[in-house]
Structure formats: structure tokens, C-alpha cells
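Values below: all heavy atoms of this structure, side chains included; hydrogens, waters and symmetry mates excluded. All values derive from a computational prediction rather than experimental measurement.
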Amino acid sequence: MFISEITFAANTLPIERQSSAILSWSQTEKGTFYMSGATSMTFNKSEGTVTENGDPIFDLFSDITSFRLQTELGFFILKDLSLGLVIDHTSSNDNRSSEPENSNQTLFMPSLAYVIPLKSELRPFVQIGGGLAAFRQGEGLDEDSYTGFALAGIIGAKYFINESVALDFGVQLSTASVTNEADDVTINTDNLTAGFGISLYF
């Protein structure tokens, strides 16, 4: 995969070792296709009090549950450099009332990723993407819809188990700006997330 220049001397390594090494480094050759997926669930519950001159003014309370699903399809346009389409969906429930308020954010982003060619099964990668963002808040007659654009960047590492499977870990920073044209309301969001995933190569 990553290291096409590596060679082995016949008198230092057995033939079996050579074959498995060449296979395990073929994942990111030009023309290879891949499919990746990751999921995560987060719980954010906090309580606090705002004070002024030592006197309490009002209480702060949050209770939010979020579920995130990300999938990506792509192929390597050059050795170690891939072009993909990322679909990132996050669903959140604000549980502060008896009827939780639901919100959904979906990102559709073409992306470029580069896997750094190291002589190891554990290899760092960087990824950038940008595209369409859609945001919905509420349900039924109270639903508000927003559309706009998003940018995201990931720094992480892949651990290649074999020539077909890799475990992924990454930290993603994304920013989105979406607008409700009917009400002329704009929402700007920044998110920092970390998680694990899996990639299949074929």
C-alpha cells in the first residue's frame, strides 16, 4: 500500500514474509476503492448557576443526547491520495422538557485524504472536505429547516489489520453556516469530535 519502493533481499527474509508485506501495503495504490463508517453517541448533562455580586440570578441546565453516523465512499486517484464523498449525520435530543426537542444536521462533502506512507501498519492521515449542510430543528408544524455550507478537517491514524481492513481514529473539526430563507435566520456552528471507525478496501 504505502511503500512501493521497499525491497527485500532473498537471503535475509523468507519468501512468505515478502508476499504478505507486499499485500499489506497495497491498500492505497491508485485505483483502489474503499468504504468507511463510524458511529458515536454522546451525553451532555450539566447544571450551573449564574451569579452577580455573589447573588444567584438564574440557573443553567442542559441535558442533550446526540447520535452520529458517518459513512464515506471513495477511491485513490493517486498513490496514498484519495477522493471521497462523506455523509455525516448527527441527531440530537434536548431533554430539558417532557417533550424533547429534536434537531438533525446532515453534511454532504466531497473530500481529499492523504495517508502518510510510513513503514508501519499504523499510519497517520489528514483529510479535508467541504460541501452542503442541512439542519432541521423541531417537528411537524414547528419544524424549521436551514441549508448552507460546511467545511471539515480531520487528523487521525489508520491501523491496517490486513490488506482489506483498517481501524480508524480521528479528531474532526467542522464548521457550518446555514440559513432559513423564510425567516432570514442564520445559524453558525463549530464542532470538535473524536471517534473510532473502520475502513474496507477492495
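One distance of note links CD of Gln137 with CG of Asp144; it measures 6.5 Å at 0.5 Å rounding. In this structure, the separation between CG on Asp88 and OG1 on Thr193 is 7.0 Å, given to the nearest 0.5 Å. Rounding to the nearest 0.5 angstrom, the gap separating the OG atom in Ser82 from the CD atom in Gln127 is 6.5 Å. A distance of 8.5 Å separates OG in Ser111 from CD1 in Ile128, rounded to the nearest 0.5 Å. Here the CG atom belonging to Leu112 is positioned 10.0 Å from the CG atom belonging to Leu78, to the nearest 0.5 angstrom.
With a 4.5 Å cut-off between side-chain heavy atoms of Ile, Leu, Val, Met, Phe, Trp and Tyr, the cluster of Ile187 takes in Phe135, Tyr146, Val178, Val185.
Looking only at side-chain heavy atoms (C-beta outward), Asp80 and Thr28 come within less than 4.5 Å of each other.
Applying the salt bridge (charged side-chain N to carboxylate O under 4.0 Å, His left out) rule to pairs touching residues 166-178 yields Lys158-Asp168, sequence neighbours excluded.
Val165 and Phe196 fall into different hydrophobic clusters, where Ile, Leu, Val, Met, Phe, Trp and Tyr are joined by side-chain heavy atoms under 4.5 Å apart, directly or via other members. One hydrophobic cluster, built from ILVMFWY side chains closer than 4.5 Å, holds both Ile116 and Leu83. No continuous path of ILVMFWY side-chain contacts below 4.5 Å connects Ile87 to Ile154, so the two sit in separate hydrophobic clusters. When the side chains of ILVMFWY residues are joined at heavy-atom separations under 4.5 Å, either directly or via intervening members, Ile77 and Val86 end up in two distinct hydrophobic clusters. Hydrophobic cluster membership is shared by Phe202 and Leu167, with clusters built from Ile, Leu, Val, Met, Phe, Trp and Tyr side chains linked at under 4.5 angstrom.
Around CG of Leu85, the count of heavy atoms belonging to other residues, nucleotides or ligands within 6.0 Å exceeds 12.
For Thr39, there are no side-chain hydrogen bond (donor to acceptor under 3.5 Å, both in side chains) partners, not counting sequence neighbours. In this structure Asp190 satisfies the side-chain hydrogen bond (donor to acceptor under 3.5 Å, both in side chains) test together with Thr175, sequence neighbours excluded. Under the ring pair (Phe, Tyr, Trp, His ring centres under 6.0 Å) criterion, Tyr114 pairs with no residue at all, not counting sequence neighbours.
Among the candidates Tyr159, Phe160, Phe169, the single residue satisfying the side chain to side chain contact (heavy atoms under 4.5 Å, CB included) test with Leu122 is Tyr159. Among the candidates Thr189, Thr186, Asn188, the single residue satisfying the side-chain hydrogen bond (donor to acceptor under 3.5 Å, both in side chains) test with Ser177 is Asn188. With Val115 as the fixed residue, the side chain to side chain contact (heavy atoms under 4.5 Å, CB included) test singles out one of Lys79, Gln27, Arg123: Arg123.
Aromatic pair Tyr34/Phe76: centroids less than 6.0 angstrom apart.
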Contacts table for residues 103-110: side-chain donor-acceptor under 3.5 angstrom, sequence neighbours left out:
{"residue": "Asn104", "atom": "OD1", "partner": "His89", "partner atom": "NE2", "Å": "3.3"}
{"residue": "Asn104", "atom": "OD1", "partner": "Ser91", "partner atom": "OG", "Å": "3.2"}
{"residue": "Asn104", "atom": "ND2", "partner": "Asn102", "partner atom": "OD1", "Å": "2.6"}
{"residue": "Thr106", "atom": "OG1", "partner": "His89", "partner atom": "ND1", "Å": "2.7"}

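In the model, Asn93 has no side-chain atom that pairs as donor or acceptor with a side-chain atom of Thr65 under 3.5 Å.
Nearest heavy atoms, Ser164 versus Asn162: N-OD1, 2.8 Å.
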